[in-house]
Amino acid sequence: MVMPAATRRDGPSKPSGPSSRSRLSRSFGPVALRVGPGLVLGLLALGPGLRRGFLLSYDMVFVPREPFTSAMFGLAGGPPRAVPSDFAVAVAARAVPADIVQKLVLLLIFVLACSGVIALLDRQPVLARLAAGVFYSWNPYLAERLIIGQWALLLGYAGLPWVLRAMLRPAEATPQTKATPQTKAIRLGPRVRLTLALLPAVAGGFAAMAVTALVVVPVALLGRSLSRAVVALAALAVGSLPWLIPSVLHTVYTDPAGVAAFAARADTPFGTVGSLLMLGGTWNAETVPRAYGGAWSVLWLALVVVALLGYAVLARRHWPVPAWAGLGLAAVAGLVIASLGVTASGRDLLRAATGFWPGFAVFRDGQQFVAPLALAEAAGFGLAVAWLMNPGSFGRKNTDRVPGQHQAVALTDAPGLVLGLITLLAPALLLPGLAWGAAGRLRPVEYPAGWLAAARLIDASRGPGDVLLLPWVADRTPPWNHGEVMLDAWPRLLSRPVIWNDGTQVGDVRMAPDDPRARRLDGVIDSRGPLTAALRAAGVRFVVDDPDPLPAADTPAAARLPGWTAVIRLPDLVVFEWRG
C-alpha cells in the first residue's frame with residue numbers, strides 16, 4: 001500500500017516544483033541562446049584563421065611573448081594607444097600560447113556583441129533577439145575594424161550592450177523580498193554589473209572607453225538617480241586611468257595632417273554620411289570588406305532604414321525614457337563626430353581642438369564613434385522584426401513587465417516564422433566579405449625563426465643602448481605574412497627601448513612620428529647622408545632593417561651606417577650593432 005505523501009515517515013517531504021532536470025534545461029537554455037549564436041558567427045568569420053599561428057593585419061599585431069616594457073604602459077614618450085590592452089595580452093600569454101589568446105579574444109568579441117544584444121532585448125521573441133544579435137555582430141563597422149586590426153576598440157564595441165543593460169536594471173529588490181543581508185547584496189548588484197560590463201572597454205583602452213563613454217554619459221545624466229549617475233561616471237573615470245595617467249605625464253603629439261587623412265570616406269554609392277548611417281565609411285579603403293559597397297548595398301541600406309524606424313518608433317515603448325533617449329543621443333552625437341571630417345569647417349574645428357589639447361585627436365578617426373548608432377540600429381532591427389512577426393503585440397506600452405523576464409511574442413503562423421528566419425540571415429548574406437577569415441585576408445602565420453633569434457640576441461646583449469627600426473615607415477608587407485599589411489612588430493618583440501617611425505602614411509599623406517625621439521631623427525633619416533653620428537648621439541646601439549621586398553646581398557642601410565657591424569644577415573632581415 002502506498003502511503004499518501006502527507007503521512008510518509010521515511011523523511012521530510014520535498015517541496016513541489018520543477019525537477020532538477022527541468023531546472024538544468026531552463027538554465028542551460030538561456031546560456032546556449034546567448035553564447036551559441038555569437039560563437040557560431042565568430043567561427044564563421046575567422047574560419048581557417050583559427051588554425052595555429054598569428055593573424056597579423058594592420059594594427060592587429062600579436063607576438064609570441066611580449067616583454068613588459070615602459071612602452072607597454074605608455075611611459076616611453078608616444079601616445080598610450082595600446083594601454084592597457086598590450087599588458088592584458090602579455091599577462092594572458094604567460095598562461096596560454098599567444099596565438100591562442102588572440103583567437104580567444106577575437107571570438108570573445110563576437111560572443112559578447114551578439115549575446116549582449118540578445119540579453120538587452122530579453123522580452124522579445126527568440127528570432128527577433130537573434131536577428132538583432134546578428135545585426136550587431138555582423139555589419140560593416142565590425143568587419144572594417146576587424147580587418148584594420150583594431151581589436152581593442154572592438155572589445156569596447158562588444159561590451160556596449162552589456163553596459164547599457166547594466167544601466168537599465170534598477171538597484172531594487174523584489175517587493176516581496178524581506179530586508180535581509182541577501183537583499184542588500186542584490187541592491188549592490190547594479191554597481192557590480194556595471195563594473196563587469198565596463199571591463200572589456202577598460203582592457204581595450206582609450207578608444208574603447210571613448211565610445212563607451214559616449215553611451216554611458218547621456219544615459220546616466222538623463223536618469224532620475226543622481227547616485228547612479230555618479231557611480232557610472234566614476235566608473236568611467238577610474239577605468240580610464242591606465243591610459244589617462246601616462247598621457248598626462250608625457251606631452252602627446254598629434255600631426256594636424258591626420259585630421260584630413262583619417263576623415264570618414266564613402267564606401268557605398270550613398271555618400272559619406274550615407275555610408276556612416278550604414279555603419280561603414282572607414283578612412284582606409286583597403287579595409288572595406290570584399291563584395292561590399294556596390295549596387296547590392298542598397299539592400300543593406302533598406303535594413304538600416306527598417307532598423308532606424310524600429311528604434312525611433314518601437315524602442316521608446318519598451319525601454320525607460322533615459323535609456324531610449326540616452327542611446328538615441330549617443331547615436332546622433334556619434335554620427336555628428338564621424339561626419340566632422342567631411343566638411344572643411346569640421347576639419348578646421350578638429351585641428352583647432354587638437355591644437356588646444358592633443359587628446360582631442362581621438363576624434364580624428366571619427367567613424368569609430370558610430371558604435372552607439374550600431375547598437376541603436378541593432379535594437380531597432382530586432383524590435384522591427386518582432387513587430388513584423390506579430391504587429392498586435394506592439395499595440396500598447398508594456399509597463400507591467402518584470403525587468404529581465406522573457407515574455408516572447410508568440411509566432412502565430414508560418415509566414416511569421418519565415419519572415420523571422422529571413423531577417424535573421426539577412427546581415428550575413430549581405431556581407432559575405434566578413435566570412436571565412438574576412439574572405440581570406442586573415443590567415444595564420446608564424447614569425448620567422450630568424451626574427452625570433454634576432455630578438456633574443458638583441459635583448460641578451462649586455463651593452464646599453466636603444467634599437468632603431470628601418471625602413472623608416474610604420475607599416476610592413478612581409479612576404480611571410482601572405483603579403484598583407486601589418487604594423488611593425490619589432491616594438492613588441494624587443495625588451496629594449498625601440499625608436500621607430502610610428503607616424504601613419506595614408507596615400508600620399510605622411511604624418512610625422514608621434515614619439516618625440518623619432519621626430520628628432522626624422523629629418524636625418526630622410527636625408528641620404530650617413531646616420532652614424534646622429535644615431536650614436538641618440539643612444540642607438542642596434543639597427544634592425546627588414547625591408548620589403550626582399551633585399552639584395554647588401555642593403556641601402558649598410559651604406560649609411562659606416563662603422564657598424566652586421567651581426568645578423570638573413571634574406572629578409574639585417575641587424576647592425578655599434579661596437580665602436
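Worth knowing before you read on, the calculation uses all heavy atoms, side chains too, and leaves out hydrogens, waters and symmetry mates.
Applying the ring pair (Phe, Tyr, Trp, His ring centres under 6.0 Å) test to residues at least two apart or on different chains, the pairs with a partner in residues 255-274 are F262-W283. Listed by first then second residue, pairs satisfying ring pair (Phe, Tyr, Trp, His ring centres under 6.0 Å) with a partner in residues 100-142 read F135-W300, F135-F381, Y136-Y157, Y141-Y157, not counting sequence neighbours.
Using a 4.5 Å heavy-atom threshold, the side chains of V362 and F369 count as touching. Side chains of D99 and P444 form no contact here, defined as non-hydrogen atoms less than 4.5 Å apart. Within the 4.5 Å cutoff, side-chain heavy atoms of V216 are placed close to those of M167. Side-chain contact between D122 and R129: present, with at least one pair of heavy atoms (C-beta onward) separated by less than 4.5 Å. Taking the side chain as every heavy atom from C-beta outward, R441 and H482 never approach each other to under 4.5 Å. Inter-residue side-chain proximity for N139 and L434 is flagged as unmet; no heavy-atom pair is nearer than 4.5 Å. Here the side chains of E484 and S57 are not in contact, with every heavy-atom distance at 4.5 Å or above. L340 has its side chain out of reach of R347: every pair of non-hydrogen atoms, C-beta onward, lies at least 4.5 Å apart.
The one candidate from Y447, W480, F62 that meets the ring pair (Phe, Tyr, Trp, His ring centres under 6.0 Å) condition with F54 is Y447.
Between the side chain of R65 and the main chain of V63, no donor-acceptor pair closer than 3.5 Å is present. Looking at K103, its side chain does come within 3.5 Å of a backbone N or O of G53 through a donor-acceptor pair. Put simply, the side chain of T477 never gets that close to the backbone of V485: no donor and acceptor are under 3.5 Å apart. The backbone N or O of L106 sits nowhere less than 3.5 Å from a side-chain atom of W151 that would complete a donor-acceptor pair. The closest donor-acceptor contact from the side chain of R476 to the backbone of V473 lies under 3.5 Å. Between the side chain of D267 and the backbone N or O of G281, at least one donor-acceptor pair lies under 3.5 Å. Checked by atom type and distance alone, the side chain of Q367 never pairs as donor or acceptor with a backbone atom of L276 at under 3.5 Å. With R290 contributing its side chain and A439 its backbone, the two residues share a donor-acceptor pair below 3.5 Å. In this structure a side-chain-to-backbone donor-acceptor pair under 3.5 Å is present from N481 to L56.
For the atom pair I422 CD1 and L388 CG, the distance stands at 11.0 Å (nearest 0.5 Å). With values rounded to the nearest 0.5 angstrom, I147 atom CD1 is found 6.5 Å from T287 atom OG1. The line from CG of D255 to CZ of R351 is 10.5 Å long, rounded to the nearest 0.5 Å. Interatomic distance, CZ of R316 versus CG of L383, reported as 12.0 Å (0.5 Å rounding). Atoms CG and CG, from L442 and L46 in turn, are 7.0 Å apart once rounded to the nearest 0.5 Å. Rounded to the nearest 0.5 angstrom, F360 CZ and L349 CG are separated by 9.5 Å.
Minimum interatomic distance between V252 and S247 (heavy atoms only, all atoms of both residues): CG2-O, 3.9 Å. Pairing each heavy atom of I118 with each of P37, the nearest pair is CD1-CG, 4.1 Å. Contact record, P246 with P80: CG-CB, 4.1 Å, taken as the closest heavy-atom pair. Across every non-hydrogen atom of R165 and A119, the tightest pair is NE-O, 3.2 Å. For the residue pair V370 and L279, the shortest heavy atom distance occurs at O-CD2, 4.2 Å. Closest of all the heavy-atom pairs between A331 and L373 is CB-CA, 3.7 Å.
One finds no salt bridge joining R81 and D59 here, because no Lys/Arg side-chain nitrogen approaches an Asp/Glu carboxylate oxygen to under 4.0 Å. The pair D365-R145 meets the salt-bridge criterion, with a side-chain N (NZ, NE, NH1 or NH2) lying under 4.0 Å from an Asp/Glu carboxylate O.
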Let me have the donor-acceptor pairs involving side chains of residues 83-90, under 3.5 Å, with sequence neighbours excluded, atom names and distances please.
| unit_1 | atom_1 | unit_2 | atom_2 | d |
| --- | --- | --- | --- | --- |
| S85 | OG | A82 | O | 3.2 |
| D86 | OD2 | R492 | NE | 3.1 |
| D86 | OD2 | R492 | NH2 | 3.3 |

Run the side chain to side chain contact (heavy atoms under 4.5 Å, CB included) test on E286 and Y58 for me, step by step, so that the C-alpha distance in whole Å, both residues' side-chain angles and the decisive distance to 0.1 Å come before the verdict. CA-CA 10 Å; E286 298 298 323; Y58 288 91; 3.2 Å; yes
Residue pair N284, V506: steps toward the side chain to side chain contact (heavy atoms under 4.5 Å, CB included) verdict: CA-CA 8 Å; N284 190 338; V506 182; over 6 Å; no
Go through L493 and W490 one step at a time and tell me if the side chain to side chain contact (heavy atoms under 4.5 Å, CB included) criterion holds. CA-CA 5 Å; L493 285 170; W490 283 104; 4.0 Å; yes
Evaluate the criterion side chain to side chain contact (heavy atoms under 4.5 Å, CB included) for residue pair V117 and V134; output intermediate values, then yes/no. CA-CA 9 Å; V117 174; V134 172; over 6 Å; no
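Inspection of the S275 and T268 side chains reveals an N or O donor paired with an N or O acceptor under 3.5 Å.
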